[in-house]
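Please read the structure below before turning to the comments.
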Amino acid sequence: MRNAEARISSVGVYGITVAAELVGVGEQTLRLYERKGLLTPSRTAGGTRRYSDDDLVIVRRVLELLEVGVNLVGIRHVLELEAENRDLRAEVDKLSS
DNA sequence: CTTCTAACA
DNA sequence: TGTTAGCA
C-alpha cells in the first residue's frame, strides 16, 4: 500500500549533523546549499533546521550534478525544471488513464 | 544549534 | 567557484 507508512518523504526529519553525515557532506555545505536556494528545509520554532527525507534526495542530486560539472546556480535551475517536469508528468498520467 | 568571516584548491 | 574551519 502506498499510504503514510510506506511513503515517508517529507515527514522524516533529521538534524543538520545527522543529515550531513547521511549524504556525506559537511554541515556548512548544507547551509550553503540553502543559502543558494537549492534547499528549503523546514525549521522548528527555535530556528533549527529540519531535513526531511525528501531534502536528502535533493542533496544527493546536487552532489551528482556537481560531479558532472554543473555549478550551484545551474543546479538551482535544474531542480526547478525537474519539479516542474514532475508536475507535468503527473498531469499527463491523469489524462492518459 | 545559529550566522558570519576568512582562507584554501 | 565551492568547501572547510574558526569565531561569536
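Per chain, numbering begins at 1; letters A, B, ... match sequence-line order. All of these numbers come straight from a predicted model, not from anything done at the bench.
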In this structure, how many angstroms lie between the P atom of dG6(C) and the CD atom of E27(A), rounded?
13 Å
Please enumerate all residues that pass side chain to side chain donor-acceptor pair (under 3.5 Å) together with R35(A), with sequence neighbours excluded.
none
Where each pair must be Watson-Crick or G-U wobble with both distances under 3.5 Å, what dot-bracket representation of DNA chain B is obtained, with crossing pairs in [ ] and other-strand partners as |?
.|.||||||
side-chain contact (heavy atoms from CB on, under 4.5 Å) filter on T44(A), not counting sequence neighbours, yields T48(A), R50(A)
Nearest 0.5 angstrom please: I75(A) CD1 to L65(A) CG, how far?
5.0 Å
What integer distance in Å separates L32(A):CG from dA5(C):P?
14 Å
Just grab all the salt bridge (charged side-chain N to carboxylate O under 4.0 Å, His left out) pairs involving residues 79-97 of chain A, residues at least two apart or on different chains.
R76(A)-E80(A)
Among all residues two or more places apart in sequence or in another chain, which pass the side-chain contact (heavy atoms from CB on, under 4.5 Å) test with V18(A)?
Y14(A), L22(A)
Can you see which heavy atom on P41(A) is nearest to which on Y51(A), and at what distance?
CG-CE2, 3.7 Å
Tell me whether T29(A) contacts the main-chain N or O of V25(A) through its side chain, where contact means a donor paired with an acceptor under 3.5 Å.
no
For DNA chain C, which residues of residues 14-25 of chain A approach it to below 4.0 angstrom with any heavy atom?
none
Restricting to pairs with a member in residues 17-27 of chain A, which pass side-chain hydrogen bond (donor to acceptor under 3.5 Å, both in side chains), not counting sequence neighbours?
none
What residues, two or more places apart in sequence or in another chain, satisfy side chain to side chain donor-acceptor pair (under 3.5 Å) together with S52(A)?
D55(A)
Among all residues two or more places apart in sequence or in another chain, which pass the side-chain contact (heavy atoms from CB on, under 4.5 Å) test with V73(A)?
N71(A), H77(A)
Specify the separation, in whole Å, of atom CZ of R50(A) and atom P of dC1(B).
11 Å
How many angstroms lie between CD in Q28(A) and OH in Y33(A), if you round to the nearest 0.5 Å?
12.0 Å
In residues 62-75 of chain A, what residues come within less than 4.0 Å of DNA chain C, judged by heavy atoms?
L66(A), N71(A), L72(A)
When L79(A), L56(A), I58(A) are each screened for side chain to side chain contact (heavy atoms under 4.5 Å, CB included) with L39(A), the one that passes is I58(A)
On the nucleotide dG2(C), are OP1 or OP2 found under 4.0 Å from the side-chain N or O atoms that T29(A) carries?
no
Pairs under 3.5 angstrom, nitrogen or oxygen only, protein versus nucleotides 5-9 of chain B, please.
none

Does the side chain of Y33(A) get closer than 4.0 angstrom to OP1 or OP2 of dT3(C) through an N or O atom?
yes
Residues two or more places apart in sequence or in another chain: which of them pass side-chain contact (heavy atoms from CB on, under 4.5 Å) with L32(A)?
K36(A), L72(A)
To the nearest angstrom, the CZ-C1' distance between R76(A) and dG2(C) comes to 17 Å
